[in-house]
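Below are the structure tokens for one structure; questions will follow.
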Amino acid sequence: RNAISRWTGFLLRWAPMGLCVFGAIEWQLHKFRSIRDGAPRTASEFQSRVYCSLPLRIMSRCWGWLAACYMPNPLRPYVYGWYSSMFKVNIEEALYSDFNHYSSMAEFFTRPLKEGVRVINGKSPLVSPADGKVLHFGSASDSLIEQVKGVSYSIEDFLGPLQTVEQSREAMSYAQALKQKRDGSTELYQCVIYLAPGDYHRFHSPTAWEPTVRRHFSGELLSVSPKVAGWLPGLFCLNERVLYMGHWNHGFFSYTAVGATNVGSVEIYMDSELKTNRWNGFKVGAHPPSTYEYDELLLNAKQHGKQSLQKFEKGDLVGQFNMG
Amino acid sequence: STIVLLFEAPKNFQFDIVAGQTIKVGESLGHI
């Protein structure tokens, strides 16, 4: 019993110190390696695993529960006023600019805008689906594409397997097999838009297009702030996300809403079966990165003799991000 | 939270944006 108590005392005293020293050495080594290779300082595999094993889903669900709690009237101007000044919310654009209208933080977060405060560009073939910051954009014809300058993610890990057996049999790259036009006249492109906490958190359709399949990838709820997106490769393949694939008049089209710690839930108005940020138990670190399951729903109901569920016009309201 | 658009477009598609800019719903992302 003496020996056990001595060992316990020793471990309690020195283990935290040992972990800190190990973390510091790992951090310095990684910094040295990235300076030596001239590559951007991104997370190592070890750092990525440590980050993924944090209990972020529990935190996200607790935050969601708190945000949905009733906000007493006397507190509303102070709490929403503080949030608005902290995150530069333009409350004059909101449909209800009186703070007292919102009975919870969650309702304030998903506030609708006044009619006409966002003008949909009639001439452009593709418009912004959301208010936010352009993280990155450009060609997406390689298997690895950039989430921000210098930090990439795998297009196949992000979208999942090709939809048809014919596509997967084609002797060409995944990105080329995605394309619906085979005459070489088209390219794949991508655009990544980050929504900050103070932004309007409903999102719209960027063009006229028809989704035919929905994939919901369970995953982590890591932060997707520009800092983390510039540090953690494959971030968008690790996070929980809802992906709609289909076509527009130039070929393949996909639209993905990626969740984050404080905004873990995605609500798509035309897809009531979609449930996100579900409790997945204590499977801490259960997945090696970017190998998450996903559930798939064919939206093209023509196969069941009905009309397809949904065609979006440019500017149509698609859904919203919810807190927690 | 983040929205990622991945799409096929003609080779002469040109983006009208720059990385880091703020953008609002409905503003043009690109033209053909």
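Numbered from 1 within each chain, the chains take letters A, B, ... in sequence-line order. For clarity, every value in this text was computed on a predicted model and none was experimentally measured.
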| query | Considering only heavy atoms, which portion of A/Ile193 lies under 4.5 Å from any heavy atom of chain B: side chain, backbone, both, or neither? | reply |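 Answer is both: backbone and side chain atoms of A/Ile193 are under 4.5 Å from chain B.
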| task | For each of B/Ile17, B/Asn12, B/Thr22, tally heavy-atom pairs with chain A at distances under 4.5 Å, and name the one with the top tally. | result | B/Ile17
| remark: Of A/Val119, A/Val224, A/Asn121, A/Leu126, the largest count of non-hydrogen pairs under 4.5 angstrom with chain B goes to A/Leu126
| field | Close side-chain approach of A/Val117 to B/Lys24, heavy-atom, < 4.5 Å | value |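 Not in contact.
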| field | A/Tyr194, part contacting chain B, at a heavy-atom distance under 4.5 Å | value | both
| task | Sort out for me which of A/Gly184, A/Pro197, A/Ser205 touches chain B most, counting heavy-atom pairs under 4.5 Å. | result |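 Greatest number of close heavy-atom pairs with chain B: A/Gly184.
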| remark: Highest number of heavy-atom pairs under 4.5 Å with chain B among A/Gly251, A/Ala229, A/Cys191 belongs to A/Cys191
| task | Measure the shortest side-chain to side-chain distance between B/Leu29 and A/Val127 over non-hydrogen atoms and say whether it is less than 4.5 angstrom. | result |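 SC-SC contact between B/Leu29 and A/Val127 ruled out.
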| task | Kindly give the heavy-atom pair with the smallest separation between A/Ser124 and B/Ser28, and that separation in Å. | result |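 Residues A/Ser124 and B/Ser28, closest heavy atoms: OG-OG, 2.8 Å.
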| request: Would you mind reporting whether A/Pro206 and B/Leu5 have side-chain heavy atoms less than 4.5 Å apart? | output: yes
| Top contributor to chain A interface from B/His31, B/Lys11, B/Glu27, B/Gln21 [non-hydrogen pairs under 4.5 Å] | B/Lys11
| request: Please check if any side-chain donor atom of B/Glu8 sits under 3.5 Å from a side-chain acceptor atom of A/Thr186, or the reverse. | output: yes
| query | Tell me, side chain or backbone of A/Lys181 under 4.5 Å from chain B's heavy atoms, or both, or neither? | reply |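 Both backbone and side chain.
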| Side chain, backbone, both or neither of A/Pro226 within contact of chain B (heavy atoms, under 4.5 Å) |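 For A/Pro226, neither part sits under 4.5 Å from chain B.
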| query | Under a 4.5 Å heavy-atom cutoff, which of A/Ala140, A/Pro129, A/Gly264, A/Gly132 has the most pairs with chain B? | reply | A/Gly132
| For A/Leu221, is it the side chain, the backbone, both or neither that has a heavy atom under 4.5 Å from a heavy atom of chain B? |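 The answer is neither part of A/Leu221.
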| query | Would you say A/Phe158 and B/Val4 make side-chain contact, with heavy atoms under 4.5 Å? | reply |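 With C-beta onward as the side chain, the pair touches.
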| What part of A/Tyr244 is in contact with chain B, defined as an atom under 4.5 angstrom from a non-hydrogen atom: side chain, backbone, both or neither? |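 Neither part.
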| task | Identify the heavy atoms of A/Ile120 and B/Gly26 that sit nearest to each other, and give their distance. | result |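 Smallest heavy-atom distance, with atoms named: CD1-CA, 3.6 Å.
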| query | With a 6.0 Å cut-off on ring centres, are B/Phe13 and A/Tyr189 close enough? | reply |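 Under 6.0 Å, so yes.
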| task | Name the option with the most non-hydrogen atom pairs under 4.5 Å to chain B; the candidates are A/Val263, A/Ile145, A/Leu188. | result | A/Leu188
| task | Tell me, for A/Leu243 versus chain B, whether the close heavy atoms (under 4.5 Å) come from the side chain, the backbone, both or neither. | result |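 Contact with chain B: none, neither part.
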| message | Over 60° means perpendicular and under 30° means parallel, so tell me whether A/Trp248 and B/Phe7 are parallel, tilted or perpendicular. | response | perpendicular
| task | Hey, could you give me the CD1/CG distance between B/Ile3 and A/Asp131, rounded to the nearest 0.5 Å? | result | 11.0 Å
| So which of A/Pro125, A/Ser128, A/Ala260 has the largest heavy-atom pair count under 4.5 angstrom toward chain B? |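 With the most close heavy-atom pairs to chain B, the winner is A/Ser128.
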| request: Check whether any side-chain heavy atom of B/Val25 sits under 4.5 Å from a side-chain heavy atom of A/Leu113, and report yes or no. | output: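 They are not in contact (no side-chain heavy atoms under 4.5 Å apart), so the answer is no.
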| Just wondering, do A/Phe321 and B/Thr2 contact through their side chains at under 4.5 Å, heavy atoms? |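 When only atoms from C-beta onward are counted, A/Phe321 and B/Thr2 do not touch, as no gap falls below 4.5 Å.
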| Does any non-hydrogen side-chain atom of B/Ser1 lie less than 4.5 Å from one of A/His201? |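 A side-chain contact exists here, since the closest heavy-atom pair is under 4.5 Å.
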| message | Could you tell me if the side chain of A/Leu159 sits less than 4.5 Å from the side chain of B/Leu6, heavy atoms only? | response |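 Answer yes - side chains close enough.
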| task | Sort A/Val192 into side chain, backbone, both or neither according to what part of it lies under 4.5 angstrom from a heavy atom of chain B. | result |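 A/Val192 touches chain B through backbone and side-chain heavy atoms alike.
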